**Student:** 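The structure under discussion is supplied below as structure tokens; questions concerning it will follow.
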Amino acid sequence: MHILVLGGTTEARRLAELLVEALPDARVTSSLAGRVASPKLPPGEVRVGGFGGADGLAAWLRTHEVDALIDATHPFAETISFNAAAAAAQAHVPLLALRRPGWTAAEGDRWHPVGSLAEAAEVLPALGERVFLTTGRMGLAAFAALDAQWFLMRSVDAPEGPHPARMEVLLERGPFTLDGERELVRRHRIDVLVTKDSGGAATAPKLTAAREAGIPVVVVRRPPVPEGVPVADTPEAAVAWLAGHRLRG
């Protein structure tokens, strides 16, 4: 049995670990986009780089005789998720989306949900002047025209392309601690946080720190999973889905 995991997330690495352990006779291949300079590699086989769109992925599935495809990419990796759905349909390969649950606002949160980074940039001027930007290094161009705000941008790798003129870059990889996030907000005098609804515990402490400091949070809503694709919310649930497919097969 050959399983292709579209990865790059903590959940994808955990899934590869579970699959290699539970299915020692199976071939487990994790595919990474290659956007992070030094990714943490999962067990099993690893390939890096794109497939050439939905048609390229479908061809890869056929050529490498993939029996199941699991999309465990970032919740905001919309293009690859829709390519995966199209490719799986073309190649007649069962597809599952592995998505960690999104965050839920708690009492005292001052969240401002928006549909895109562009919308986030539109609402920022009314919310604050010192921005903690945690949306990743891609998409900074959406904020490039904001010259009244100062930005602290945190990401794993250094940003490229257009970005705000008044910006400090903090290169760090999660998980982050609550004490660390509190100190960051205090030291940089942050008065507004911008984040994507990525979910998970690794980067959630910033939300608690923002709540405690009483600062607003602009939350970019995640895109939907392609219609008709089943969803698992944990790596363990993904393994159970795969086991069900093997039994039916």
Side-chain angles (χ1 to χ4, degrees), residues 1-36 39-102 115-117 136 138-139 196-199 220-249:
M1 184 180 197
H2 187 190
I3 307 156
L4 176 62
V5 178
L6 303 178
T9 61
T10 301
E11 291 77 16
R13 289 192 296 274
R14 176 57 179 159
L15 174 60
E17 292 171 357
L18 292 174
L19 292 174
V20 168
E21 179 181 343
L23 304 172
D25 296 329
R27 180 184 174 191
V28 179
T29 302
S30 295
S31 178
L32 308 180
R35 290 179 177 173
V36 177
K40 295 180 180 179
L41 299 181
E45 300 178 29
V46 177
R47 70 172 301 280
V48 178
F51 291 93
D55 291 343
L57 176 54
W60 201 96
L61 295 175
R62 296 190 198 96
T63 301
H64 295 269
E65 299 180 338
V66 173
D67 298 291
L69 175 62
I70 301 180
D71 172 17
T73 56
H74 193 276
F76 283 83
E78 187 173 9
T79 299
I80 185 60
S81 293
F82 278 86
N83 284 345
Q90 288 183 39
H92 304 289
V93 172
L95 168 66
L96 175 75
L98 172 57
R99 294 288 186 273
R100 69 185 79 134
S116 66
L117 292 177
M138 311 296 289
K196 293 178 177 178
D197 182 15
S198 301
V220 182
R221 293 186 293 266
R222 59 173 63 178
V225 171
E227 186 175 354
V229 177
V231 179
D233 59 4
T234 66
E236 290 77 11
V239 173
W241 172 87
L242 186 61
H245 266 277
R246 294 187 75 198
L247 289 174
R248 288 194 293 273

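Every value quoted in this text rests on a predicted model; they were computed, and no experiment measured them.
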**Student:** Measuring from atom CG of Leu95 to atom CG of Asp71, what distance do you get when rounded to the nearest 0.5 angstrom?
**Tutor:**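 Taking CG in Leu95 and CG in Asp71, the distance rounds to 6.5 Å.
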**Student:** Would you say the side chain of Leu15 lies within less than 4.5 Å of the side chain of Val239, judging by non-hydrogen atoms?
**Tutor:**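 With C-beta onward as the side chain, the pair touches.
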**Student:** Which atom pair, heavy atoms only, marks the closest approach of Gly7 to Ala12?
**Tutor:**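 The pair with the smallest heavy-atom distance is CA-CB, 3.5 Å.
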**Student:** Indicate yes or no: at least one non-hydrogen side-chain atom of Val28 is less than 4.5 angstrom from one of Leu23.
**Tutor:**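 Result no, sub-4.5 Å side-chain heavy-atom pair not found.
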**Student:** If the plane angle is over 60° it's perpendicular, under 30° parallel, otherwise tilted; pick one for Phe51 and Trp60.
**Tutor:**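 Judged by the thresholds at 30° and 60°, the geometry between Phe51 and Trp60 is perpendicular.
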**Student:** Specify the closest pair of heavy atoms between Ala97 and Val225, including all atoms of both residues, with the distance to one decimal.
**Tutor:**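 Closest approach of Ala97 to Val225, heavy atoms only: CB-CG1, 3.9 Å.
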**Student:** Can you tell me how far CD of Glu11 sits from CZ of Arg99, rounded to the nearest 0.5 angstrom?
**Tutor:**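 Reported to 0.5 Å precision, the distance equals 10.0 Å.
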**Student:** List the atom of Val220, the atom of Phe76, and the distance in Å for their closest heavy-atom pair.
**Tutor:**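 Here Val220 and Phe76 meet closest at O-CZ, 3.2 Å.
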**Student:** What pair of heavy atoms forms the shortest contact from Glu21 to Pro24, and how long is it?
**Tutor:**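 It is O-CD, 3.8 Å.
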**Student:** Could you give the distance from CZ (Arg27) to CD1 (Ile3), rounded to the nearest 0.5 Å?
**Tutor:**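 Answer rounded to 0.5 Å: 11.0 Å.
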**Student:** Determine whether a donor-acceptor pair (N or O, by modelled atom type, separation under 3.5 Å) exists between the side chain of Arg222 and the backbone of His74.
**Tutor:**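 Not a single qualifying donor-acceptor pair exists.
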**Student:** Are Leu98 and Thr9 side-chain neighbours, meaning at least one heavy-atom pair lies under 4.5 Å?
**Tutor:**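 Contact flag for Leu98/Thr9 side chains = no.
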**Student:** Counting C-beta onward and ignoring hydrogens, is there a side-chain heavy-atom pair between Ser81 and Thr73 closer than 4.5 Å?
**Tutor:**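 Yes. Closest side-chain heavy atoms under 4.5 Å.
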**Student:** List the atom pairs, donor and acceptor, that lie under 3.5 Å between side-chain atoms in residues 82-92 and the rest of the protein, sequence neighbours left out.
**Tutor:**
from  : atom 1 : to    : atom 2 : distance (Å)
Gln90 : NE2    : Asp55 : OD1    : 3.0

**Student:** Using a 4.5 Å cut-off on heavy atoms from C-beta on, say whether the side chain of Ser30 contacts that of Arg13.
**Tutor:**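 Sidechains of Ser30 and Arg13: no contact.
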**Student:** Taking the side chain as every heavy atom from C-beta outward, state whether His2 and Val66 have any atom pair closer than 4.5 Å.
**Tutor:**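 Sidechains of Val66 and His2: in contact.
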**Student:** Given side chains that start at C-beta, do those of Leu19 and Val5 come closer than 4.5 Å, heavy atoms only?
**Tutor:**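 Touching, per the 4.5 Å side-chain cut-off.
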**Student:** Looking at every heavy atom in both Ser31 and Arg47, which two are closest together, and how far apart are they?
**Tutor:**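 The answer is OG-NH1, 3.0 Å.
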**Student:** Could you tell me if the side chain of Leu4 sits less than 4.5 Å from the side chain of Leu57, heavy atoms only?
**Tutor:**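 They are in side-chain contact.
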**Student:** What are the two closest heavy atoms between Ala16 and Pro42, and how far apart are they?
**Tutor:**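 Smallest heavy-atom distance, with atoms named: CB-CB, 3.7 Å.
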